[in-house]
Protein chains: 2
Amino acid sequence: MNGFGSAFLVAQVGAHAAQRFTERIGELDLTPAQVGLLRLVATRPGQSQQALAKQLGTPATRLVPLVDGLEKRGLIERRRNAEDRRLYALELTAKGRELMVGVARTAQAHDRAITAALTDDERATLHELLKRIADEQGLTPGVHPGYARP
Amino acid sequence: MNGFGSAFLVAQVGAHAAQRFTERIGELDLTPAQVGLLRLVATRPGQSQQALAKQLGTPATRLVPLVDGLEKRGLIERRRNAEDRRLYALELTAKGRELMVGVARTAQAHDRAITAALTDDERATLHELLKRIADEQGLTPGVHPGYARP
DNA sequence: TATTGTTATACTCTATAACTATA
DNA sequence: TATAGTTATAGAGTATAACAATA
């Protein structure tokens, strides 16, 4: 064994990045799972909780407390679907959309911090290589497999 | 938002790689945490549990059941330190060393599978860029921050 | 009868702190 | 008294399955 393989390195750096992101986003009083949900509702509003759960690859029961918390803080809204009243249609509130600006800013700062060791060219190269791996491995853009923990 | 930043991509691909590794290593009836400990004991034998816990960044209490399991399977050995009998000195058994060969094979296959989308040159580039990030971020070689879960 | 959302229960896992033994 | 290892306890978090409302 020379050192550690690329797969281990990706996992190591990835876990570190996730940890740091958790800290940063915690300053906005959010968890990564909440950010993931907010991001999904922001880009594709009006979906039911079941649909969202499927896209996130998480059991539907976990969305309930997640949505509860965001709703209580006035970031997200449960609208009843008039056509099928079993379904909710989740939407961001104005306050929620406002918060997403801060989330985007945080994500950008996080990105720069993690890749601080690289030049712009190298950053682009890294991004491209990782994107190729992600595609080949069948990963859904924007969905973190380790959504699990709060 | 154009797409997703490199930091997110690393975290996403990293979590996926960790997940796949967990599955693979499960075929040897091992968890990632066990592999991490075995690897550490293999490279630096004779250390106490406290010392190992410190290097893994985990509370010492978590090492107890971890070592218990490996000891029961005859992979690891708790030797009493003659000079200070409070301390154990952890060593791999012959069976443990044998198993590590299989672990190394598994890790290599895993590595190739994860980076299947890349050429050899690209693989090397990815490895170098990630290594630079890992060093700059102060990560300890071979230690996974997300050691947590079994 | 099937489906959406919710609740309840059981289970896993972790960590804090108390305990034993050696020093 | 201080440290290594262990055990016990309590807490957080998840998921499986039962439940209510609507279709």
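Note on naming: letters A, B, ... go to the chains in the order of the sequence lines (proteins, then strands), and numbering restarts at 1 for each one.
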Per-nucleotide protein contact string for nucleotides 18-23 of chain C (B base, S sugar-phosphate only, - none; heavy atom under 4.0 Å) = ----BS

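- The separation between A/R62 atom CZ and D/dT16 atom P is 11 Å, rounded to whole Å.
- Place A/D68 and A/L87 on DNA chain C by their nearest nucleotides, and A/L87 ends up nearer the 5' end.
- Among the atoms of the strands shown, only primed sugar atoms or phosphate atoms (P, OP1, OP2) are found under 4.0 Å from some heavy atom of A/Q49.
- Take B/A134 and apply the side-chain contact (heavy atoms from CB on, under 4.5 Å) test, not counting sequence neighbours, and it matches A/L9, A/Q12, A/V13, B/L139.
- Whole-Å rounding puts the A/L90 CG to C/dG5 C1' distance at 11 Å.
- Across the protein-nucleic acid pair, A/Q34 atom CD and D/dG13 atom P stand 11 Å apart, rounded to whole Å.
- In this structure, the CZ atom of A/R78 is 12 Å from the C1' atom of C/dT4, given to the nearest Å.
- At whole-Å resolution of the value, OH in A/Y88 and P in D/dA23 are 13 Å apart.
- Mapped onto DNA chain C by nearest heavy atom, B/P59 and A/A89 fall at different nucleotides, with A/A89 at the one closer to the 5' end.
- Atom CD1 in A/I76 sits about 12 Å away from atom P in C/dG5, given to the nearest Å.
- Note: CD (A/Q50) to P (D/dA23) measures 16 Å, nearest angstrom.
- In this model, a donor atom of one side chain and an acceptor atom of the other lie less than 3.5 Å apart for A/Q49 and A/R78.
- For A/R39 and B/F8, the positive end sits near the middle of the six-membered ring, less than 6.0 Å away and at most 45° from its axis.
- Taking the side-chain hydrogen bond (donor to acceptor under 3.5 Å, both in side chains) definition, one finds that B/R86 meets it with B/D84, sequence neighbours left out.
- Scanning for side-chain hydrogen bond (donor to acceptor under 3.5 Å, both in side chains) contacts around B/T115 gives B/R123, with sequence neighbours left out.
- Summarising the geometry, the separation between CG on B/L66 and C1' on C/dT14 is reported as 13 Å, rounded to the nearest angstrom.
- Residues meeting the side-chain hydrogen bond (donor to acceptor under 3.5 Å, both in side chains) test with B/E83, sequence neighbours left out: none.
- For A/R105, there are no salt bridge (Lys or Arg N to Asp or Glu O under 4.0 Å) partners two or more places apart in sequence or in a different chain.
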